[in-house]
Amino acid sequence: MKIICVGRNYADHAKELKNELPTEPVIFMKPKGAILLPEKPLYYPEFTDDLQYECEVVIKICKNGKFIQEKFANKYYNEVTLGIDFTARDVQREQQKKGLPWEIAKAFDGSAAVGNFVPITVETDIHNLAFQLKLNDTTVQDGHTRNMIFTVDKIITYVSKYFTINIGDLIFTGTPAGVGPVTTGDKLEGYLQGNKVLDVDVK
Ligand code: MG
């Protein structure tokens, strides 16, 4: 399996990091080893002094496909949760300055925290989901999937032009504004449509 991530998919977040709005989805990947399973703590990595959370809606792929048309894209995912795209922001800045890839800043072990998946039913409108991240009981991110620059279905269409998507693949769909640093001892909790689906302690 692979973890496909979208960068700069919310205008308010692109703005806070002083990035331009993308005209095509910004895609990067994390390896399987990046997954931090539900209820597991993240151990603060030694190579960064600026570990940041990015809470994102995560969908799970349920069908193999390539060159998927947008109108059929919704057949390719059937579960949703929240995840944290943990980012070593200082390392990312250094890499960006040098024009180098982001993997060491974004794809390290534990960098893809995933919550408990919720089935997508006929009632679920993936493009109309509210989500929040709490850091030590204070809401720090308050997002809504209707504010995505590229919808989930557009992301699938775009990604599948380049990569075959496979059953079990995860897509991190980008973070809204409010990203920030964590420190040892912090507790992160993610709420999807008001229900808690994600819980990560930083140790
Ligand atoms: Mg992200």
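Counting starts at 1 for both ligands and their atoms, following the listed order.
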Inset, instruction - Not counting sequence neighbours, list each pair that qualifies as a side chain to side chain donor-acceptor pair (under 3.5 Å) and has a residue in residues 41-50. - result: Thr48-Asp90, Asp50-Gln52

Between the Mg ion (ligand 1) and [X], which N, O or S atom of the residue is the nearest one?
{"X": "Asp85", "result": "OD2"}
{"X": "Glu56", "result": "OE2"}
{"X": "Glu54", "result": "OE1"}

Inset, instruction - Report yes if the distance between the aromatic ring centroids of Phe72 and Tyr76 is under 6.0 Å, otherwise no. - result: no

Inset, instruction - Could you tell me if the ring centre of Phe108 sits under 6.0 Å from that of Phe47? - result: yes

Inset, instruction - Assess Lys66 against Phe163: is NZ or CZ under 6.0 Å from the centre of the six-membered ring, and within 45 degrees of the ring's axis? - result: no

